[in-house]
Number of protein chains: 2
Amino acid sequence: MQTADAPLNSHAAPSIALLRGPAPTRKAHEASALGSVRRLVKDEEVFVEGDRAAFYYKVQSGAVRTFKLLSDGRRQIDAFHLPGDIFGMEPGEEHRFSAEAVGDATIVSYRRSNLGALDQDDGDVPTQMMSAVLLSLVRAQNHMLLLGRKNAVEKIATFLLDLSGRTANNDQIDLPMSRTDIADHLGLTIETVSRSLTQLERQGVIELPAHRRFIVLRNRPALERLDM
Amino acid sequence: MQTADAPLNSHAAPSIALLRGPAPTRKAHEASALGSVRRLVKDEEVFVEGDRAAFYYKVQSGAVRTFKLLSDGRRQIDAFHLPGDIFGMEPGEEHRFSAEAVGDATIVSYRRSNLGALDQDDGDVPTQMMSAVLLSLVRAQNHMLLLGRKNAVEKIATFLLDLSGRTANNDQIDLPMSRTDIADHLGLTIETVSRSLTQLERQGVIELPAHRRFIVLRNRPALERLDM
DNA sequence: CGTGTGTTTGAACCACTTCAACCCAAGTGG
DNA sequence: CCACTTGGGTTGAAGTGGTTCAAACACACG
């Protein structure tokens with residue numbers, strides 16, 4: 001059930017959710033003065049739970065998953081981080097979870113000590129950091145509602161809407177992650193994810209082209225009804 | 001299934017998780033210069049999802065629950081806030097969830113604008129706020145693992161250990177909240193909470209005195225084994 | 001004491017999981 | 001080219017942990 005695949009190297013830094021609202025303007029792919037860029041292959045780890053958290057990161061391209069494991073291997077992916085998102089912020093000295101590239105990806109790492117970096121120009125860094133962390137918290141809170149109180153189809157609906165909102169490709173979603181990743185994010189099994197998707201397809205709410213990493217939203221209002 | 005109890009008044013302020021690690025030293029019950037104290041009766045609301053978030057709060061005595069509702073009334077309590085904990089921090093202009101007193105309680109409210117307040121003396125405010133928010137995030141992340149991947153007994157075990165760690169009354173836990181609250185926090189029904197507790201009691205792991213708001217931990221290692 | 005709120009317990013049910021095939025597209029190499 | 005493998009993904013059938021529905025407790029309170 002786990003995706004403990006191909007660990008290659010190992011940096012260090014904590015984790016948060018995402019940053020989009022507060023520090024949007026600047027495009028994600030500029031190397032940002034003080035950060036060093038790092039290229040990751042599919043499933044490569046960025047850091048592991050327990051590592052010293054010397055850096056935090058910003059996704060430049062691709063996607064990163066942050067997750068926790070139970071001793072017997074059960075996995076919970078707390079968030080997927082897309083281009084522009086910041087992750088790896090920690091309150092203490094070490095990482096509270098692990099981070100891996102979902103597919104090939106590039107990230108920028110910032111030394112935790114010099115909290116400078118990110119978007120130099122606009123705005124004081126502390127405010128920016130605070131915004132990023134608060135946004136992560138909001139996402140986490142929404143996700144707790146999903147995990148604790150929604151059924152399988154509702155979970156999928158919420159997930160699709162969230163993803164479509166973050167990738168912006170009007171009603172076309174190009175999933176960066178596998179069904180297994182989705183399952184471990186939504187607190188389901190891979191089979192239930194698959195069944196829920198086909199159910200939504202049978203109802204004409206979505207479309208699942210042959211290319212299984214693609215989903216088309218056919219009836220957004222129906223999804224939104226499932227979301228509330 | 002819901003616990004839509006007795007809303008009384010309505011302030012305004014957002015919500016976060018808790019603060020304990022970073023700003024511990026000072027005792028919770030000092031009124032803290034700039035904050036105004038507020039006395040709450042059981043189930044009284046502090047603010048409702050959608051309210052303008054003009055304040056944030058610190059619990060002085062009692063307990064506060066923050067939660068979200070689905071349109072059909074399903075409820076997810078994202079956190080219980082105990083004395084010393086800060087809640088109601090928001091990234092935007094309005095509250096992302098609601099807050100109510102669990103039992104009678106007193107809280108201190110701080111204007112969001114003058115981020116001064118809290119523990120004047122030790123430490124810059126931004127750092128303190130950041131710590132509080134990051135701590136909330138850590139708690140949320142742990143809770144996502146619980147909600148998404150743990151079974152009923154494991155959820156209860158984790159909950160009891162967490163609570164005992166936060167109230168510090170060595171192995172004696174005085175629950176501030178009802179079974180319904182616990183259920184809505186752990187993503188279970190009240191019946192499953194009850195059954196899991198009696199199961200743990202039958203196994204000699206805990207003790208449930210007649211006073212149903214009391215629990216004694218009899219075998220902490222056993223609980224910790226369920227927790228990992 | 002009766003009434004009420006919160007909790008426990010029982011029994012039937014069901015949404016999701018588990019186990020097991022099977023499918024399908026993309027390599028690999030003979 | 002054509003086996004053969006490999007890594008997702010889907011589908012079916014059976015099992016089950018937790019829910020739902022219902023009833024009995026139990027203590028607190030006027």
Side-chain angles (χ1 to χ4, degrees), chain A residues 1-6 41-43 70 72-76 102-103 146-157 174-202 206-215 226, chain B residues 1-6 41-43 70 72-76 102-104 146-157 159 174-202 206-215 226:
Chain A
M1 192 74 341
Q2 285 327 114
T3 327
D5 300 344
V41 302
K42 179 162 148 50
D43 297 325
L70 290 176
D72 64 357
R74 280 172 286 174
R75 183 178 68 156
Q76 176 64 41
V102 171
L146 177 149
L147 290 172
R149 289 303 182 212
K150 291 185 182 176
N151 64 34
V153 177
E154 291 170 339
K155 285 178 177 180
I156 294 287
D174 191 356
L175 296 176
M177 73 290 284
S178 70
R179 301 289 194 264
T180 305
D181 280 342
I182 297 175
D184 284 351
H185 183 49
L186 302 182
L188 298 171
T189 59
I190 175 177
E191 294 94 333
T192 303
V193 169
S194 181
R195 280 187 251 267
S196 302
L197 284 171
T198 43
Q199 179 183 332
L200 287 174
E201 184 180 39
R202 274 198 307 268
I206 63 174
E207 200 172 310
L208 299 170
H211 209 311
R212 254 54 238 268
R213 287 294 176 92
F214 234 75
I215 295 185
L226 287 168
Chain B
M1 193 70 346
Q2 284 328 112
T3 326
D5 302 341
V41 303
K42 180 164 147 49
D43 296 326
L70 291 176
D72 65 356
R74 280 172 287 175
R75 183 178 68 157
Q76 176 64 40
V102 171
D104 292 356
L146 176 150
L147 291 171
R149 288 303 182 211
K150 292 185 181 176
N151 64 33
V153 176
E154 291 170 339
K155 285 178 177 181
I156 294 287
F159 176 69
D174 191 356
L175 296 176
M177 73 292 284
S178 70
R179 299 288 193 264
T180 305
D181 280 341
I182 297 175
D184 284 350
H185 183 47
L186 302 182
L188 298 171
T189 60
I190 176 177
E191 293 95 332
T192 303
V193 169
S194 182
R195 280 187 251 267
S196 301
L197 283 171
T198 46
Q199 178 182 332
L200 287 173
E201 184 179 40
R202 276 197 308 267
I206 62 174
E207 200 172 310
L208 299 170
H211 209 313
R212 254 54 239 268
R213 287 296 176 91
F214 234 76
I215 296 184
L226 288 168

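Labels below follow one simple rule: chain letters A, B, ... track the order of the sequence lines, proteins then strands, and each chain is numbered from 1. All values below come from the heavy atoms of this structure, side chains included, with hydrogens, waters and symmetry mates left out.
- Residues forming a side-chain hydrogen bond (donor to acceptor under 3.5 Å, both in side chains) with B:Q199 (at least two apart in sequence, or on another chain): B:Q203.
- When the salt bridge (Lys or Arg N to Asp or Glu O under 4.0 Å) test is applied to A:R179, no partner is found at least two apart in sequence or on another chain.
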Practice problem: Dump the intermediate steps for side-chain contact (heavy atoms from CB on, under 4.5 Å) on B:R149 and A:D184, then the final yes or no. | Solution: CA-CA 8 Å; B:R149 288 303 182 211; A:D184 284 351; 2.7 Å; yes
Exercise. Start with the C-alpha distance between A:L197 and A:I215, add both sets of side-chain angles, then the distance that settles side-chain contact (heavy atoms from CB on, under 4.5 Å), and finish with yes or no.
Key: CA-CA 9 Å; A:L197 284 171; A:I215 295 185; 4.0 Å; yes
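- Residue A:R213 contributes atom CZ, which lies 8 Å from atom C1' of D:dG8 at whole-angstrom precision.
- For B:T180, whose side chain is taken as the heavy atoms from C-beta onward, the closest listed nucleotide among D:dT11, C:dC16, C:dT7 is C:dT7.
- Closest contact between the side chain of A:A152 and the listed nucleotides C:dC16, D:dG9, C:dT8 involves C:dC16.
- For B:T192, the side chain to side chain contact (heavy atoms under 4.5 Å, CB included) criterion is met by B:A152, B:L188, B:T189, B:S196, not counting sequence neighbours.
- Among the atoms of the strands shown, only primed sugar atoms or phosphate atoms (P, OP1, OP2) are found under 4.0 Å from some heavy atom of A:L188.
- Between B:S178 and C:dT5 there is no side-chain polar atom (N or O) within less than 4.0 angstrom of OP1 or OP2.
- Within the structure, a side-chain polar atom (N or O) of A:T192 is placed less than 4.0 Å from OP1 or OP2 of C:dT17.
- Under the salt bridge (Lys or Arg N to Asp or Glu O under 4.0 Å) criterion, A:E207 pairs with A:R218, not counting sequence neighbours.
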Protein-nucleotides 19-27 of chain C N/O pairs closer than 3.5 Å?
unit_1	atom_1	unit_2	atom_2	d
C:dC19	N4	A:E191	OE2	3.1

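- Of the listed nucleotides (D:dG18, D:dT10, C:dT8), D:dT10 has the atom at the smallest distance from the side chain of A:R212.
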